[in-house]
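First up is the structure itself, then whatever we jot down about it.
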Amino acid sequence: MATIKETEPHFVDEQIRLCEIPAPPFKEDKKGAELAKLFKAAGLQNVRIDKAGNVLGDRQGAAATPHLVMAAHLDTVFPEGTDVHVTRTGNVLKGPGIGDDCRGLAALLSVINAMQKHSLKTAGTITFVADVGEEGLGDLRGMKELFGTTMRGQIDDFISIEPGEADRVSNGGVGSYRYKVTFMGPGGHSYGAFGLVNPIAAMGRAITYIDQIVPPKDPRTTFNEGVVGGGTSVNAIPFEAWFEFDERSPDVKSLDEMDAKFKAAVQKGVDDENARWGKGKITVKMETLGIRPAGETPLDSPIVKTATASIKALGFGDASYGAGSSDSNVPMHLGIPAITIGGGGKDAGAHSLNETDDVTDSYKGPQNALLIALSILK
């Protein structure tokens, strides 16, 4: 614990350095290569990069089990070409991705360093992972590959490190279904073909019906039409219109019920537009943009109890529980004990160009991560 606190200035510098390596969605390879180098330099075994781009490094225990995976994600939400330079004012770091998840990567490296420096022996084995595809349309592809192929059937417990204070424990995984819904029609001149079915009108009807849906408040279930498009000219009946849709819930049943209501609303919008004009026909196509599975690790599960006890033992106060969308969604959905914890410090403005991370006492994050890991690995 003392080593983690003493070396924190170095790992804050690493947090900055890594954050200045661009890792836009689907292009995390450059930062991944750097993490592979750091894993090897730290002395991890069997350092490799899997098919999805996840970077893995093992630290063998006396036995293969329990096998814990501790992960932080490489990618940010920011597109290619974003200025990822980081500025520092005292303890406050500012730059795209500096908290989410450069803080997690720094904490991961700090834990590895402490374990290696003191040659800590564990009964179980730990694999450290710097993963891809956590953000946006990445659709958790890194975790899906890790649990579905790379380490299928090998993982007993999972810890994800994200930005946030050291008392954070996310034991719920907010699932999401995302779609692009495209309405298509014959199209024509706004005057000469007047009376023809209109894809934009059908889309408007559909969105109106969607917004009349009343989702449950508990478990919290939400929906959003986030992006719309279509049409070619003010004086042309469009041949196409589309919108992108997101629905979320930590509860699988509630999410599926919302999904059924959403699809029924879309079809009703199409049917109403076709019935209104009777000239031409609107058809609709629904493309899945992403599926983030929902799940939960119960508060009385051993991994949550361990995290709670660790936070208390380290004097960080009471654990703060909650649900979020993170790498832990995949193992939670599979029934594998999983939590997401804070990497230390205090983040603000996540997913914005003005993202900040106050690294005052940020060493508490990796201290907590280490104590949880050692408690699991015995």
Side-chain angles (χ1 to χ4, degrees), residues 1-20 35 38 42 70-73 76 85-118 120 126 128 130 159-171 303-322 324 326-328 339-352 354-376:
M1 295 300 162
T3 292
I4 285 178
K5 187 172 182 179
E6 291 164 3
T7 58
E8 182 62 6
H10 166 73
F11 288 105
V12 169
D13 288 343
E14 285 292 85
Q15 180 178 347
I16 295 170
R17 185 178 72 85
L18 290 171
C19 213
E20 292 182 336
L35 264 295
L38 292 171
M70 183 177 290
H73 65 87
T76 70
H85 177 67
V86 177
T87 60
R88 181 169 187 169
T89 305
N91 284 337
V92 178
L93 314 180
K94 180 180 177 181
I98 190 61
D100 191 10
D101 193 23
C102 294
R103 180 60 218 161
L105 292 171
L108 197 71
L109 293 170
S110 179
V111 171
I112 295 169
N113 177 70
M115 293 186 78
Q116 295 293 81
K117 181 175 181 179
H118 294 282
L120 296 182
I126 183 169
F128 295 94
I159 297 171
S160 170
I161 308 179
E162 289 271 4
E165 296 181 70
D167 63 353
R168 169 192 177 186
V169 181
S170 292
N171 65 304
I303 193 170
V304 176
K305 285 185 173 181
T306 298
T308 302
S310 174
I311 290 165
K312 183 178 180 180
L314 290 168
F316 299 162
D318 296 326
S320 174
Y321 308 104
S326 72
D327 282 330
S328 292
I339 55 173
T340 294
I341 61 174
K346 191 171 184 178
D347 67 304
H351 293 191
S352 78
N354 295 315
E355 185 173 351
T356 62
D357 194 33
D358 185 340
V359 293
T360 302
D361 294 338
S362 55
Y363 66 88
K364 292 180 178 180
Q367 280 187 342
N368 185 42
L370 175 61
L371 187 52
I372 296 170
L374 295 179
S375 301
I376 291 171

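For the atom pair CD of Glu355 and SG of Cys19, the computed distance is 7.0 Å after rounding to the nearest 0.5 Å. For the atom pair CE (Met70) and CZ (Phe128), the distance works out to 6.0 Å, reported to the nearest 0.5 Å. Once rounded to the nearest 0.5 Å, the distance linking CG of Asp101 with CD of Glu162 reads 4.5 Å. If you take CG on Leu314 and NZ on Lys364, they are separated by 9.5 Å, rounding to the nearest 0.5 Å. Going from atom OG of Ser110 over to atom CE of Met115 covers 12.0 Å, rounded to the nearest 0.5 Å. Atom-to-atom distance recorded for Arg168:CZ and Ile339:CD1 is 10.5 Å, nearest 0.5 angstrom.
Only one option out of Thr360, Asp357, Val12 pairs with Asn91 in a side-chain contact (heavy atoms from CB on, under 4.5 Å); it is Thr360.
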Please assess Asp100 against His351 for the test side chain to side chain donor-acceptor pair (under 3.5 Å), listing each intermediate value before the final yes or no. CA-CA 8 Å; Asp100 191 10; His351 293 191; 3.0 Å; yes
Verdict with supporting geometry, His118 and Thr3, side chain to side chain contact (heavy atoms under 4.5 Å, CB included): CA-CA 9 Å; His118 294 282; Thr3 292; 2.6 Å; yes
Would Ile16 and Leu93 satisfy side chain to side chain contact (heavy atoms under 4.5 Å, CB included), going step by step from the backbone distance to the final call? CA-CA 8 Å; Ile16 295 170; Leu93 314 180; 3.9 Å; yes
Go through Glu14 and Arg17 one step at a time and tell me if the salt bridge (charged side-chain N to carboxylate O under 4.0 Å, His left out) criterion holds. CA-CA 5 Å; Glu14 285 292 85; Arg17 185 178 72 85; 2.8 Å; yes
So Leu38 and Leu109, side chain to side chain contact (heavy atoms under 4.5 Å, CB included) or not? Walk me through it. CA-CA 8 Å; Leu38 292 171; Leu109 293 170; 3.9 Å; yes
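The minimum heavy-atom distance between Gly317 and Ile311, with the atom names listed, is O-CG2, 3.4 Å. Residues Ile161 and Gly343 come closest through the heavy atom pair CG2-CA, 3.6 Å. The two atoms that bring Ile4 and Pro366 nearest to each other are CD1-O, 3.6 Å, heavy atoms only. Taking both residues in full, the closest heavy atoms of His85 and Glu20 are given as ND1-OE2, 3.2 Å, listed atom of the first, atom of the second, then distance. Shortest non-hydrogen contact noted between Asp327 and Ser160 is CB-OG, 4.0 Å. Across every non-hydrogen atom of Gly365 and Ala166, the tightest pair is N-CB, 3.9 Å.
Between the side chains of Asn113 and His10, no donor-acceptor pair of N or O atoms lies under 3.5 Å. Side-chain contact annotation: Thr306 with Ser375, donor-acceptor N/O pair under 3.5 Å absent.
When side chains are defined from C-beta on, Met1 does not count as touching Tyr363, because their heavy atoms never get closer than 4.5 Å. The side-chain heavy atoms of Leu35 and Leu18, taken from C-beta on, include a pair separated by under 4.5 Å. The side-chain heavy atoms of Ile159 and Thr340, taken from C-beta on, include no pair separated by under 4.5 Å.
Of the possible donor and acceptor atoms, none in the side chain of Gln15 sits under 3.5 Å from a partner among the backbone N and O of Cys102. Put simply, the side chain of Ser320 never gets that close to the backbone of Asp167: no donor and acceptor are under 3.5 Å apart.
Taking Asn368 as the reference, Ser310 meet the side chain to side chain donor-acceptor pair (under 3.5 Å) condition, with sequence neighbours excluded. Applying the salt bridge (charged side-chain N to carboxylate O under 4.0 Å, His left out) rule to Glu8 yields the partners Arg103; only residues at least two apart in sequence or on another chain are considered.
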